[in-house]
Structure formats: C-alpha cells, structure tokens
Amino acid sequence: MKIKNQKIIDFFEGNLSEEEKTDLLKEVNSNLELKKEFESFKKLYSSIDGSKNVKISDDYYESILLRFRNRNHKVSFLLKPVFVTISVILLTSSLILFLLTRTSQDDFNQNNDFVEINGYDFENVEQMYKLVNEDKIIDLLFDELINKEENIIAVKKYLQIEDSYYEIPESDAEDIYQELLNKKIL
Amino acid sequence: MSDKQKDFELIEKFLNGDESAFNLLVKRHQEKIYMVARRMLGNHLDADEVVQEVLLVLYKKLNTFKFESAFSTWLYRITMTRSINFLKKRAIKNLLSIFDLKKERSYNQNPAEIIEGKDQFELVEKLLKKLPPKQREVFILKNFENLKYEEISEITGKSIGTLKANYFHSVNKLKELLEKHYEN
C-alpha cells in the first residue's frame with residue numbers, strides 16, 4: 001500500500017505521465033480499498049488547495065513595520081550612550097544615598113529590634129543584587145534541569161525527537177528559568 | 001529587473017544607510033514570513049511574535065548576507081529557525097506547566113482578520129498542528145511555498161532523501177487526520 005500511496009500522491013501533485021495516470025485510475029476503479037484511499041487523498045488535496053486562497057486583512061500587514069519600528073526605536077533609545085550614562089549616575093547616586101541613610105538609620109535604631117528600611121532604596125539594591133546574581137542563578141538552574149534525566153526524556157517525547165543525542169538548547173532552558181524567576185518560584 | 005536582483009539592490013541600499021530600503025524589503029516579503037510562521041505555529045499571536053523576531057534578525061544581520069543565494073532562501077531559513085525555536089520553547093513551557101496565567105493567550109482570538117478562505121484555512125491549520133515540526137516544515141515549504149526539494153534542502157540543511165521521506169510521512173499522516181476529522 002505504501003507504493004500505491006506514493007503513486008496517488010504523485011498523481012495529485014502532477015508527477016505522473018498520462019500513461020501512468022491512466023494505469024493508476026484503472027487500478028483504482030477495480031480495487032475498492034484503493035479507491036477509498038484515492039478518495040481520501042483527493043479530499044486532502046482539495047482542502048489544501050482551498051486553504052491556499054486565504055487572505056489576511058491589509059490592516060495587519062500595515063501594522064507589522066510600524067510596530068517593529070516603534071519597538072526598535074525604544075530599544076535603540078535605551079542603548080544610547082547618554083541614556084546609559086544618566087542611568088548609571090542615577091543608580092550610583094541612589095546607592096550612595098541608600099548607604100548613607102542606612103548607616104544613619106542603623107545608628108539611630110541600633111538599640112531597637114525593628115529596623116525600618118526605606119522602600120525605594122531597598123528596591124534599588126534588590127535590583128542591583130538581582131542583576132549581579134541572575135546569571136549565576138540561571139547557570140545553576142540550567143545545570144540542574146539538564147542533569148535531570150526524566151525531564152529530558154519527557155521533553156523529547158513531547159517534541160517527538162527521535163535523536164537520542166538531542167540536547168535541549170541552552171537558550172530554551174534559560175527561558176524556563178526566567179519564567180520560574182518571574183513567577184518567584186525560586 | 002528580476003525579484004532576486006531587486007532584493008539585492010534593496011539590501012545594498014539598506015547596508016549603505018538607506019532605512020527606507022529596509023521598509024521596502026519587508027513589505028515585499030512580510031506576507032511570506034507571516035504565512036510560513038502562521039502555518040508552522042498554528043495561531044496568529046505566536047506567528048506575529050515570530051514575524052517581529054524575524055524582522056529584528058534581518059535588521060541586525062543583513063550585513064552578513066552573502067549575495068550568493070536568493071534572499072528568499074535566507075529569509076525562509078530564518079523564519080523556519082525562529083518558528084521551530086518558538087515551538088520548542090512553547091512545548092517545554094507547556095510541559096513543565098510554568099505558563100504564567102497572565103501570559104496565557106486565547107488562541108481563538110484572531111486580530112488578523114481572515115477575509116477569505118477561513119474555513120479551509122482553519123481546518124488545514126488544525127491538521128498541520130498535529131504533525132511533528134520536521135514534517136510540518138517540509139510540507140509547508142513544498143506545498144504552500146511551492147519550493148523544490150533542492151531549495152528546501154538548502155534552507156533546512158537536510159538531505160533530499162530525508163526530506164522526501166518526511167514529506168511522504170506528512171501527507172499520509174494528514175490524510176489519516178482528515179479521515180478522523182470527517183468521522184467525528
């Protein structure tokens with residue numbers, strides 16, 4: 001049946017000579033099982049042809065470049081030397097301010113059990129800490145996921161990857177860790 | 001001037017600093033990028049994300065284009081790579097159930113309005129989603145983009161024998177899926 005299916009596919013894709021077409025049609029008409037297969041392929045090719053006539057609205061195509069340019073402009077702006085310099089100065093000033101405030105507050109509260117930390121400054125330090133350590137955390141988590149055999153088997157099964165040497169790309173695994181970090185699971 | 005030459009001319013203009021040439025290049029090919037991504041991913045929102053990724057890669061990497069093969073071959077390669085990466089990421093996320101509820105999407109939502117051929121398009125889209133990515137890739141490039149095996153081989157880096165085998169399996173699988181669809 002595999003050979004016949006190939007013939008039928010060739011028929012619908014225009015790869016058979018006139019003589020081959022006639023021979024196949026004769027065979028199809030004299031064999032019920034083959035006729036059923038032929039009709040199924042006919043329906044498939046008809047659906048495929050029908051789906052080629054799709055037309056998407058022009059509004060969407062008009063929006064593609066506009067959104068790309070907007071997004072790209074924002075990224076370019078964030079990477080401009082002036083913007084980066086100002087950000088670094090602001091961040092450094094905030095850190096110095098925070099350390100000074102914290103020192104004076106520590107002195108003030110040294111005999112108290114509860115030490116109040118300014119929320120804004122705390123946020124900055126937390127962000128800086130996160131920036132410095134995020135890469136290390138991602139590396140550690142990546143190693144852990146890759147070393148768990150059952151994860152790899154499940155992923156391969158889901159993706160129907162036959163190659164037993166296939167490894168999950170680092171970028172995919174990092175994406176997972178990022179999701180975990182975002183959800184504050186870690 | 002042939003399409004290939006026109007593309008080359010626009011790329012050269014862009015590389016010499018003409019931003020409008022990039023716009024023209026994208027406009028010439030955006031439908032192709034979207035439709036390939038859409039058929040690979042099976043929904044508008046993911047396809048749209050891949051389209052934006054492809055444009056970013058084009059914008060940043062056009063200076064590495066060698067002018068040896070057609071621009072469309074290079075573009076298909078980028079679109080397919082981004083789409084397959086997207087499929088893998090999506091599959092891993094779903095598998096590990098870490099899909100953030102806030103980010104969960106309504107895949108029925110379809111902001112890109114299909115003006116014509118909606119029923120047949122959605123039926124085939126539903127069937128294609130059930131094919132493994134390797135089979136889906138060759139099926140889309142051969143059937144919808146009308147490429148020859150030699151061209152598909154250049155895009156995917158796979159041998160013609162492998163592609164033919166994948167294509168044969170994809171057509172048979174789609175036929176079976178369609179039979180089941182009509183039975184139900």
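Chain letters run A, B, ... following the sequence lines, proteins first and then strands; every chain starts at 1.
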Any idea how A/Y60 and B/Y34 line up, ring-wise: parallel (<30°), tilted (30 to 60°), or perpendicular (>60°)?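 A/Y60 vs B/Y34 ring planes: tilted.
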So for [X], is it side chain, backbone, both, or neither that comes closer than 4.5 Å to the heavy atoms of chain A?
X      : answer
B/V171 : both
B/E179 : side chain
B/E176 : neither
B/L177 : neither
B/D48  : both
B/E31  : both

Hey, could you give me the [atom1]/[atom2] distance between [X] and [Y], rounded to the nearest 0.5 Å?
X      : Y     : atom1 : atom2 : answer
B/K175 : A/I9  : NZ    : CD1   : 8.5 Å
A/I56  : B/R38 : CD1   : CZ    : 5.5 Å
B/L174 : A/S47 : CG    : OG    : 10.0 Å
B/L127 : A/S51 : CG    : OG    : 9.5 Å

For A/K52 and B/N143, indicate whether the former's side chain and the latter's backbone hold a donor-acceptor pair under 3.5 Å. yes
I'd like to know if the side chain of B/Q52 reaches the main chain of A/I64, judged simply by a donor and an acceptor atom lying under 3.5 Å from each other, with no hydrogens or angles considered.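 Judged by distance alone, yes, a pair lies under 3.5 Å.
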4.5 Å side-chain heavy-atom contact, [X] and [Y]:
X      : Y     : answer
B/E19  : A/R69 : yes
B/R39  : A/V54 : yes
B/N172 : A/F41 : yes
B/K27  : A/L65 : yes

Greatest number of heavy atom pairs closer than 4.5 Å to chain A - which of B/L123, B/L55, B/I33, B/L178: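 Heavy-atom pair counts peak at B/L55.
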Among B/V26, B/V51, B/L56, B/N23, which residue forms the greatest number of heavy-atom pairs with chain A at distances under 4.5 Å? B/N23
Is the number of heavy atoms from other residues, nucleotides or ligands under 6.0 Å of [X] [atom1] greater than 12?
X      : atom1 : answer
B/K164 : NZ    : no
A/N15  : CG    : yes
B/K13  : NZ    : no

Do B/Y182 and A/F38 belong to the same hydrophobic cluster, where Ile, Leu, Val, Met, Phe, Trp and Tyr are linked whenever their side-chain heavy atoms lie under 4.5 Å apart, directly or via other members? yes
Is chain B contacted by the side chain of A/I48, its backbone, both, or neither, given a heavy-atom distance below 4.5 Å?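 Looking at A/I48, backbone and side chain both touch chain B.
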Kindly indicate, with the supporting measurements, whether the criterion side-chain contact (heavy atoms from CB on, under 4.5 Å) is fulfilled by A/E13 and B/Y167. CA-CA 12 Å; A/E13 297 197 359; B/Y167 184 71; 2.2 Å; yes
